[in-house]
Structure formats: structure tokens, C-alpha cells
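Reading through the C-alpha cells given below for one structure.
By convention in this document, chain letters (A, B, ...) are assigned in the order of the sequence lines, proteins followed by strands, and residues within each chain are numbered from 1.
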2 protein chains.
Amino acid sequence: MDHLKFHTDKLRASGLRPTKQRLAISKILFNRKETFHFTIDQLKKIAEKNIKKKISVATLYNTVHAFEKKGYLKEISLKGNKTFFDTNTRSHHHFYDEETSQLTDIKNENISISNLPKAPNGKKIRDIEVTIKVASNNQKQKNLV
Amino acid sequence: MDHLKFHTDKLRASGLRPTKQRLAISKILFNRKETFHFTIDQLKKIAEKNIKKKISVATLYNTVHAFEKKGYLKEISLKGNKTFFDTNTRSHHHFYDEETSQLTDIKNENISISNLPKAPNGKKIRDIEVTIKVASNNQKQKNLV
DNA sequence: ATGCAGTTTATAATGATTCTAAACTATAAG
DNA sequence: CTTATAGTTTAGAATCATTATAAACTGCAT
Ligand SMILES: [Mn+2]
Ligand SMILES: [Mn+2]
Ligand SMILES: [Zn+2]
Ligand SMILES: [Zn+2]
């Protein structure tokens with residue numbers, strides 16, 4: 001694997017030992033052209049399929065949170081009980097299909113937001129997240145004024 | 001209480017019996033001028049303060065979900081383990097202060113969104129949710145380009 | 001007043017996530 | 001190449017939010 005050294009170096013540079021588990025998870029998460037949106041449970045299923053030796057759920061949680069803390073993953077705001085993560089750590093937006101829980105990235109430059117009201121008392125805007133909920137063509141649309 | 005008959009009628013009209021518990025919760029949730037954003041846990045604490053006879057958590061969940069199903073509440077998309085509800089059931093947006101978990105409504109007409117990319121394959125836009133994260137003035141801002 | 005479907009409740013069950021503490025391992029030093 | 005050790009993994013327990021269960025209760029039609 002050609003990515004191996006890359007992942008090893010990246011982990012070491014972040015102060016994380018390049019263990020078998022972290023390298024295997026890195027491979028699943030980051031050897032992709034497209035953004036990957038996932039829950040721990042989905043990651044677990046993929047790991048079970050692709051890795052001979054089982055990775056414990058504790059390690060999946062530990063690793064995902066370590067990667068998040070180092071800035072290689074970010075958490076996404078969605079309804080529901082499970083936490084979603086995103087390999088795209090840039091500020092960006094999403095299409096969200098609630099029927100399939102499928103997320104699709106929208107680059108910030110592909111949406112224009114204007115006329116922002118001013119932030120509350122002594123607060124400053126840090127980030128803007130737009131979520132566009134989509135559904136099959138036969139559903140009813142809300143009043144978007 | 002002058003709102004009592006209003007809540008009683010509203011519940012009956014929705015096919016929900018106006019029980020003591022539902023009326024007490026309605027009073028907490030809907031006797032307000034401003035939008036109320038809350039978790040079940042926050043609602044529980046308010047109920048404990050304001051209602052002599054304890055309302056069980058099961059009833060809090062049942063009632064909130066009944067109100068949601070009838071269209072009097074809606075669930076909000078946020079990070080974290082707890083579910084947030086909103087007494088403003090219109091399509092609208094939020095300022096979100098992650099430090100305090102405080103939400104503030106922004107009316108749809110107070111934000112302009114343009115240049116939307118087209119929705120994925122055979123999907124139609126149903127709703128747009130903008131969340132503007134704010135923080136104390138001393139924090140660093142993300143690159144919003 | 002009676003009957004009963006709808007509702008509430010305590011409690012158990014579930015599901016996601018975090019904690020614990022013992023076993024394991026990457027790696028720095030000798 | 002050993003050895004020592006801090007960092008890591010792991011199974012399982014613990015915790016937290018939410019949902020299910022099923023028995024007791026109550027609003028309301030008759
Ligand atoms: Mn996290
Ligand atoms: Mn709900
Ligand atoms: Zn994304
Ligand atoms: Zn709101």
C-alpha cells in the first residue's frame with residue numbers, strides 16, 4: 001500500500017502512535033476521493049468486513065475521537081441519537097436525505113448567504129452550517145418563505 | 001388562568017385528552033411570547049419547579065412526542081447526545097452558542113440564500129436549515145469562503 | 001354512576017457512548 | 001537485541017438518553 005507511509009507519518013506527526021488499528025481505520029476513512037460521512041456503527045461494519053482481526057468498539061470510539069481532536073474528522077449536527085462524523089473538515093454544507101440518512105457535501109462557495117442578522121449580545125459568528133433536507137420527488141415541501 | 005380553555009380546546013381538537021399533565025406541560029411550553037428551545041431534561045427541571053405533583057419522565061417523553069406528532073413542536077438538528085425541541089414549528093434558522101447551548105431564532109425572511117446547487121438524483125428540496133454558530137468575541141473564526 | 005379507551009406511571013429494557021483497569025505494544029534507551 | 005515504560009487496546013461494566021411494558025388510573029361518553 002502506497003498510502004501506508006503517508007498515514008504513518010501523519011499519525012506520528014500528530015503525536016499518535018501508528019498502531020495497526022489506527023492505520024486500518026485511517027485506510028478506511030481517508031483512502032477515498034469523496035468525503036465520507038459515517039456513524040461509529042457504520043465504521044464498525046466496514047471494519048468487520050475489511051480487517052481480519054477484530055477492532056473493539058472502544059478502540060473505534062477512541063480512534064475516531066482522537067482523529068476528531070487532531071482535526072482529521074469533524075462531527076456533524078443532525079437529528080437522532082447517533083453521532084455522525086465527516087472526513088471533510090472544512091466549513092461546508094450538506095444535502096441530507098432523511099429517508100436514507102445520506103449526506104452529500106456542498107462547498108461553501110456553492111451557496112451564497114446574504115443579509116445575515118447580527119449575532120446576539122457580545123457574540124461573534126464562528127461558522128455557518130446549511131443543511132438542505134431532500135426527499136423523493138413525491139413528498140410535500142415546507143413553506144420556505 | 002386565561003390560557004386554560006385555549007389549551008384544553010387545542011388538545012381536544014387534536015384528539016388528545018386534556019389531562020392535568022398535558023395541560024401543565026402546555027402551560028410551560030406555550031404560555032410564552034418567545035420561542036422556547038429545550039431538551040427533555042430541561043423540561044423536567046422546569047416541571048419539577050412549577051408543578052406540585054411530579055410528572056413521570058415517561059409522560060414527558062410521551063407528551064412531547066405527541067405534541068411533535070400533532071405539529072406543535074419540532075425537533076432540532078444539533079450535535080450531541082440529547083434531542084432538542086422547538087416551540088417554533090415554522091421553517092426557520094438559528095444562532096447557536098455552543099458554549100451555553102443557547103439557541104436563538106432567525107426568521108427565514110431574515111436570511112437570503114441564493115445559488116443553491118441542484119438536489120441529488122430524483123430528490124427534491126423539502127427544507128433548508130441554517131445554523132450559525134456563535135461564540136464569545138475572543139474566539140477564532142473558521143474560514144467561511 | 002358505570003364502563004372503557006386513553007393516559008400515566010414505575011420500572012425494565014434497549015442502544016449509544018464512556019469508563020475501568022488489566023493486558024498488550026510501539027519505541028526509546030541501553 | 002533486550003528492557004523499560006508510556007501509550008494503546010480491549011472486554012466488560014457503567015452511565016445516560018430514550019423507549020417498551022403492563023398495571024393502575026382517569027376523562028368522558030352513556
Ligand atoms: Mn466527539
Ligand atoms: Mn421525536
Ligand atoms: Zn460533509
Ligand atoms: Zn427555533
Side-chain angles (χ1 to χ4, degrees), chain A residues 4-5 7-28 37-48 51-70 72-73 75-85 101, chain B residues 4-5 7-28 37-48 51-70 72-73 75-85 101:
Chain A
L4 211 171
K5 178 170 163 38
H7 290 139
T8 303
D9 291 351
K10 186 168 149 185
L11 286 168
R12 255 197 274 263
S14 310
L16 299 171
R17 287 188 184 172
T19 63
K20 293 186 217 327
Q21 293 86 345
R22 284 173 178 162
L23 288 167
I25 293 170
S26 289
K27 191 175 153 191
I28 292 173
H37 303 102
F38 65 97
T39 62
I40 295 287
D41 198 60
Q42 289 166 352
L43 175 59
K44 179 154 78 81
K45 288 192 176 68
I46 297 172
E48 282 163 0
I51 308 170
K52 43 236 89 184
K53 185 167 183 302
K54 173 200 180 192
I55 298 181
S56 74
V57 293
T59 297
L60 294 175
Y61 278 98
N62 288 343
T63 302
V64 165
H65 282 129
F67 288 0
E68 184 193 14
K69 185 169 296 179
K70 296 299 180 181
Y72 302 132
L73 290 175
E75 200 180 319
I76 296 182
S77 301
L78 287 179
K79 286 180 196 169
N81 33 332
K82 300 190 177 185
T83 302
F84 279 75
F85 294 92
S101 292
Chain B
L4 210 172
K5 177 170 163 38
H7 288 139
T8 303
D9 290 351
K10 185 168 149 184
L11 286 168
R12 255 198 274 265
S14 311
L16 299 171
R17 286 190 183 170
T19 63
K20 295 186 216 326
Q21 292 86 345
R22 284 173 179 162
L23 287 167
I25 294 170
S26 289
K27 191 175 153 191
I28 292 173
H37 303 103
F38 65 97
T39 62
I40 294 288
D41 199 60
Q42 290 167 350
L43 175 59
K44 179 154 78 85
K45 289 194 175 67
I46 297 172
E48 281 163 1
I51 308 171
K52 44 237 86 183
K53 184 167 182 303
K54 174 201 178 193
I55 298 181
S56 72
V57 293
T59 296
L60 294 175
Y61 278 98
N62 288 342
T63 301
V64 165
H65 281 128
F67 287 1
E68 184 192 15
K69 186 169 295 180
K70 295 300 180 182
Y72 302 131
L73 291 174
E75 200 180 320
I76 296 183
S77 301
L78 287 179
K79 284 180 198 170
N81 31 332
K82 300 190 179 186
T83 301
F84 279 76
F85 293 93
S101 293

B/Lys54 side chain N/O closer than 4.0 Å to the phosphate oxygens (OP1, OP2) of C/dA10? yes

First encountered from the 5' end of DNA chain C, between A/Lys53 and A/Ile40: A/Ile40

Given A/Lys5, A/His7, A/Arg12, the one that forms side chain to side chain donor-acceptor pair (under 3.5 Å) with A/Asp9: A/Lys5

Phosphate-side-chain proximity, B/His65 and D/dT18, N/O vs OP1/OP2 below 4.0 Å: no

If you check every side-chain atom of A/Lys82, which of C/dA16, D/dT26, D/dT8 has the closest atom? C/dA16

Taking any heavy-atom pair under 4.0 Å as a contact, classify B/Thr83: base, sugar-phosphate, or nothing. sugar-phosphate

Report which part of the nucleic acid A/Thr19 touches: base, sugar-phosphate, or nothing (heavy-atom distance under 4.0 Å, all strands). sugar-phosphate

Answer yes or no: does atom NZ of B/Lys10 have more than 12 heavy-atom neighbours from other residues, nucleotides or ligands under 6.0 Å? yes

Round to a whole Å and report the spacing from CG of B/Asn62 to C1' of D/dC25. 15 Å

Just by distance, do the side chain of A/Arg22 and the backbone of A/Thr63 share a donor-acceptor pair under 3.5 Å? no

In whole angstroms, how far is the P atom of D/dT9 from the CG atom of A/Leu16? 9 Å

Think A/Gln21 has a side-chain N or O under 4.0 angstrom from the OP1 or OP2 of C/dT25? no

A/Leu73 vs A/Val64 side-chain heavy atoms within contact, under 4.5 Å: yes

Take the protein atom OH of B/Tyr61 and the nucleotide atom C1' of C/dA10, then report the distance between them rounded to whole Å. 15 Å

Taking CG from A/Leu60 and P from C/dT18, how many angstroms apart are they, rounded to a whole number? 13 Å

Does a side-chain N or O from A/Arg12 land closer than 4.0 Å to OP1 or OP2 of C/dA26, or not? no

On DNA chain D, compare the nucleotides closest to A/Gly15 and A/Val57; which residue's is nearer the 5' end? A/Gly15

What contact category does A/Asp41 fall into here, base, sugar-phosphate, or nothing, at under 4.0 angstrom with non-hydrogen atoms? nothing

Check whether any side-chain N or O of A/Lys20 sits under 4.0 Å from OP1 or OP2 of C/dA26, and answer yes or no. yes

Value in whole Å for how far the C1' atom of C/dT7 lies from CZ of B/Phe67: 13 Å

Quick one: B/Asn81 CG to D/dT19 P, roughly how many Å, whole number? 14 Å

side-chain contact (heavy atoms from CB on, under 4.5 Å) for B/Leu60 and B/Ile25? Distances and angles first, verdict last. CA-CA 8 Å; B/Leu60 294 175; B/Ile25 294 170; 3.7 Å; yes

Starting at atom CD of B/Glu48, determine the distance to atom P of C/dT9, rounded to an integer number of angstrom. 13 Å

Counting N and O atoms only, with roles assigned by atom type, does the side chain of B/Lys70 sit under 3.5 Å from a partner on the main chain of B/Ser14, one being a donor and the other an acceptor? yes

Here the distance between atom P of C/dC24 and atom CD1 of A/Ile55, to the nearest Å, is 18 Å

Kindly say if A/Arg22 contacts the phosphate of C/dA26, meaning a side-chain N or O under 4.0 Å from OP1 or OP2. no

Of the candidate nucleotides C/dA5, C/dT9, C/dT25, which contains the atom at the shortest distance from the side chain of B/Ala58? C/dT9

Looking at every strand, decide which applies to A/Lys44 at a 4.0 Å heavy-atom threshold: base, sugar-phosphate, or nothing. nothing

